[in-house]
Amino acid sequence: MYALIDCNNFYASCERVFNPSLNGKPIVVLSNNDGCVIARSNEAKALGIDMGGAYFMIEEALKKHNVFVFSSNYTLYGDMSQRVMNTLAEFTPEIEVYSIDESFLNFEGFELLGDLKIYGTTIRNTVFRNTGIPVSIGIAPTKALAKLSNRIAKKNKEYNHVCVLDSQEKIMAALKITTVDNIWGIGRAYHNFLLNHGIQTTYDFVQQPEEWVRKNMSVVGLRLHKELKGEKCLELELVAMAKQNICTSRSFGRYLTDIDPIKEAMSNFASRCALKLRKDKSVCTLVQILLHTNKHKPDQPQYFVNKVITLPVPTNSTIELIQASLRALDLVYKPGYRYMKCGVIVSGIVPEDRVQQNLFDTVDRSKHNKVTTIMDKLNKSLGADFVKVGSLGVTKQWHLKAEKLSQCYSTRWDEIIVIK
DNA sequence: TCTGGGGTCCTAGGACCC
DNA sequence: TCTGGGGTCCTAGGACCC
């Protein structure tokens with residue numbers, strides 16, 4: 001058996017932990033740049049606020065209903081996630097952290113511990129006591145069924161947030177009450193496709209012949225089909241695989257036309273990518289930049305461009321990645337456009353101890369390594385970007401909007417909560 | 001004024017090899 | 001009439017996830 005533990009309305013719940021006066025009140029959390037709604041408390045959902053709605057279009061309505069609005073605070077959510085996962089790890093040796101707010105746990109053989117419903121409830125209570133975050137738990141024989149079970153636990157009050165699908169009858173009943181658009185792995189396109197073929201519930205879906213599923217939905221769909229019938233196809237991924245791409249991109253807080261502030265933004269994003277690489281003990285061989293105008297304004301001149309630079313030797317040096325990004329920017333930048341977004345993607349990622357050297361390489365990398373090591377050390381103890389490369393700049397014209405940001409209660413000494 | 005960011009996997013088709 | 005067969009690698013695009 002597998003358990004899927006999912007935090008309820010995670011970002012909204014994080015905001016509540018340190019501000020309990022928000023209990024019972026409607027809360028929404030906005031995306032970067034305060035762009036659109038990406039998390040809602042139950043009270044906000046009940047008001048009919050949609051996921052993904054543009055903030056500027058619903059701002060008035062939110063005010064009218066006294067909805068509390070927050071900019072996303074990933075420092076806080078990341079730290080809270082870590083606390084939840086640490087607690088979960090105490091309950092099983094095998095845990096796959098699937099996303100910032102979800103984990104799969106291997107419950108194989110746990111039936112011997114007694115009723116899984118009781119065990120799940122213990123986990124839920126412990127996570128809440130340790131972190132203040134409410135979770136829902138779905139338990140079933142495969143990962144896809146655990147997902148489905150989790151959804152039932154969350155949507156139906158009578159389960160008290162823990163649902164166990166441990167018999168064929170329970171599984172069949174669960175398949176019948178779950179429509180196909182709520183299956184993990186079925187998105188909008190497949191949903192429409194299935195509806196066109198008269199398939200509405202998950203039960204209808206598992207009745208289809210495997211060849212038909214394979215033909216129309218590729219091996220991914222077939223795997224899902226088998227999983228929903230109780231045949232295990234997806235294993236727990238206990239060790240996080242090395243990433244194939246690392247991307248840092250942002251919309252700007254306002255339009256940029258001059259190249260200089262864009263250079264500043266690009267330098268910052270390249271620097272972030274370098275830091276992420278070093279954290280993973282990896283290096284990259286390709287740097288790609290992207291630069292966009294505002295796609296939501298079709299009446300304005302549009303320019304979308306990507307540029308890839310191949311590095312002579314794989315690296316995670318902040319300095320080299322900034323240089324490559326700025327070189328790429330120079331090649332594609334055109335004046336006269338109102339730019340809205342840019343970013344840096346690094347790929348061709350390999351472990352840093354398996355670097356293929358280049359015979360004609362002239363850069364003294366040991367020097368770069370010394371510099372970045374010291375930079376990382378200082379920034380870790382004194383705060384992000386305490387020491388940085390000059391091209392990261394100080395004007396911050398590109399900075400995103402975050403007008404409703406809460407404090408970093410758990411990661412900054414000067415923002416720690418004070419109890420009077 | 002204002003519409004997020006960061007990922008994965010699979011497939012088809014083209015270019016190229018012998 | 002008829003124009004080989006068997007591969008690899010890369011890219012773009014589409015599907016999906018949180």
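In what follows, every chain begins at residue 1, and chains take the letters A, B, ... in the order their sequences are listed.
Using a 4.0 Å heavy-atom distance criterion, A:Glu59 is classed as making no nucleic acid contact. A:Ile246 comes within contact range of the sugar-phosphate backbone alone, with a heavy-atom separation under 4.0 Å but no base atom that close. Contacts of A:Lys147 with the nucleic acid, taken as non-hydrogen atoms under 4.0 Å apart, involve only primed sugar atoms and P, OP1 or OP2. Nucleic acid contact for A:Thr248: sugar-phosphate only, since backbone atoms but no base atoms lie under 4.0 Å from a heavy atom of the residue. A:Leu30 comes within contact range of no nucleotide atom at all, as no heavy-atom separation falls under 4.0 Å. Residue contacts for A:Met51: at a heavy-atom cut-off of 4.0 Å it reaches no nucleic acid atom on any strand shown. When heavy atoms are screened at a 4.0 angstrom cut-off, A:Asp34 is found touching no nucleic acid atom at all. In this structure, A:Asn33 reaches neither bases nor backbone, as no heavy-atom distance under 4.0 Å exists between it and the strands shown. Counting any heavy atom pair closer than 4.0 Å across all strands shown, A:Ile183 reaches sugar-phosphate atoms only and no base atom. In this structure, A:Tyr255 reaches the sugar-phosphate backbone alone: every heavy-atom distance under 4.0 Å involves primed, P, OP1 or OP2 atoms, never a base. Backbone-only contact: A:Arg250 has heavy atoms under 4.0 Å from sugar-phosphate atoms and none from a base. Residue A:Arg338 is classed as having no contact, given no heavy-atom separation below 4.0 Å to the nucleic acid.
The distance between the ring centers of A:Tyr98 and A:Phe104 falls below 6.0 angstrom.
Residue A:Cys284 holds its SG atom at 4.5 Å from CG of A:Leu321, rounded to the nearest 0.5 Å.
Contact check on A:Arg83 versus A:Asp79 returns a salt bridge, with a Lys/Arg side-chain nitrogen under 4.0 Å from an Asp/Glu carboxylate oxygen. Using a 4.0 Å cut-off between charged side-chain N and carboxylate O, A:Lys229 and A:Glu210 make a salt bridge.
Taking 4.5 Å as the limit, every side-chain heavy atom of A:Phe70 sits out of range of all side-chain heavy atoms of A:Val28. Proximity of A:Leu105 to A:Tyr2: side-chain heavy atoms (C-beta onward) are nowhere separated by under 4.5 Å.
Comparing A:Val219 and A:Met57 along DNA chain B, the residue whose closest nucleotide (by nearest heavy atom) sits nearer the 5' end is A:Met57. For A:Lys295 and A:Met241, each mapped to the nucleotide of DNA chain B holding its nearest heavy atom, the one lying further toward the 5' end belongs to A:Lys295.
At a non-hydrogen distance threshold of 4.0 Å, nothing from residues 266-287 of chain A comes into contact with DNA chain C.
In this structure, A:Tyr119 and A:Phe91 have perpendicular ring planes: the angle between them is above 60°, well past the 30° mark. Classification of the A:His225-A:Phe205 ring pair by plane angle, with boundaries at 30° and 60°, yields perpendicular. Between A:Tyr337 and A:Tyr339, the two ring planes are tilted [angle within 30° to 60°]. The aromatic rings of A:Tyr74 and A:Tyr11 stand perpendicular to each other, their planes meeting at an angle above 60°, with 30° marking the opposite boundary.
For the 3.5 Å distance criterion, the side chains of A:Gln300 and A:Asn294 fail to qualify, holding no donor opposite an acceptor.
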Can you give the dot-bracket line for DNA chain B, using ( ) for pairs inside the strand, [ ] for pairs that cross earlier ones, | for pairs with another strand and . for unpaired bases, where Watson-Crick and G-U count if both distances are under 3.5 Å?
....||||||||||||||
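C:dG4 and B:dC17: their C1' atoms are spaced 15 Å apart (whole Å).
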Could you go through A:Arg16 and A:Glu43, starting from their C-alpha distance and side-chain angles, then the distance that decides it, and tell me whether this counts as salt bridge (Lys or Arg N to Asp or Glu O under 4.0 Å)?
CA-CA 13 Å; A:Arg16 247 177 204 163; A:Glu43 298 78 8; 2.9 Å; yes
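Where DNA chain B meets chain A (any atom under 4.0 Å from a heavy atom), the bounding nucleotides read 5' to 3' are B:dC2 to B:dT11.
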